[in-house]
Amino acid sequence: MDGFGMQGLLHITVNLMFVVITWWALQTFKFDLFLKDPKGPKAKTLMILLTIAIAYLVSSFFLDYLNGSTMLKYLF
């Protein structure tokens with residue numbers, strides 16, 4: 001049971017870390033070129049949803065890679 005708790009903590013930490021990194025990286029993107037009102041609530045909602053979607057994909061890749069690399073010890 002203790003391993004599941006540590007794994008859950010790792011997943012939450014990695015997901016939050018990638019949300020922060022993605023939010024930081026998306027700040028450099030010029031949304032005003034593609035949106036009518038880049039300062040409006042719809043644009044902010046789009047930015048939040050885009051951040052969550054990209055962070056989820058990146059963190060899923062990272063966690064799958066980590067899981068796969070830890071299972072390599074069972075290869076031999």
According to a 4.5 Å side-chain heavy-atom criterion applied to Ile, Leu, Val, Met, Phe, Trp and Tyr, with indirect links allowed, do [X] and [Y] form part of one hydrophobic cluster?
X: F18; Y: F29; value: yes
X: V58; Y: V20; value: no
X: V19; Y: W24; value: no
X: L66; Y: L57; value: no
X: F61; Y: M71; value: no

Just how far is it from atom [atom1] of [X] to atom [atom2] of [Y], taken to the nearest 0.5 Å?
X: Q27; Y: M47; atom1: CD; atom2: CE; answer: 4.0 Å
X: L50; Y: I48; atom1: CG; atom2: CD1; answer: 11.0 Å
X: K36; Y: K42; atom1: NZ; atom2: NZ; answer: 8.5 Å
X: I21; Y: I54; atom1: CD1; atom2: CD1; answer: 13.0 Å
X: F62; Y: M17; atom1: CZ; atom2: CE; answer: 5.5 Å
X: K44; Y: D37; atom1: NZ; atom2: CG; answer: 10.0 Å

Query raised in the report: Does the side chain to side chain contact (heavy atoms under 4.5 Å, CB included) test come out yes or no for L35 and L46, once each step is laid out?
Result: CA-CA 10 Å; L35 302 174; L46 177 65; 3.9 Å; yes
Do any N or O atoms from the side chain of [X] and from the backbone of [Y] form a donor-acceptor pair under 3.5 angstrom?
X: T28; Y: A25; value: yes
X: N67; Y: L63; value: no
X: S59; Y: Y56; value: yes

Report task. Work out which heavy atom in P38 is nearest to a heavy atom in A43; give both atom names and the distance. Result ->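 Looking at all heavy atoms of both residues, the closest pair is O-CB, 3.4 Å.
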Query raised in the report: If every non-hydrogen atom of L26 is compared with every non-hydrogen atom of F31, which pair is closest and at what distance?
Result: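 Taking L26 first and F31 second, the nearest heavy atoms are O-CE1, 3.9 Å.
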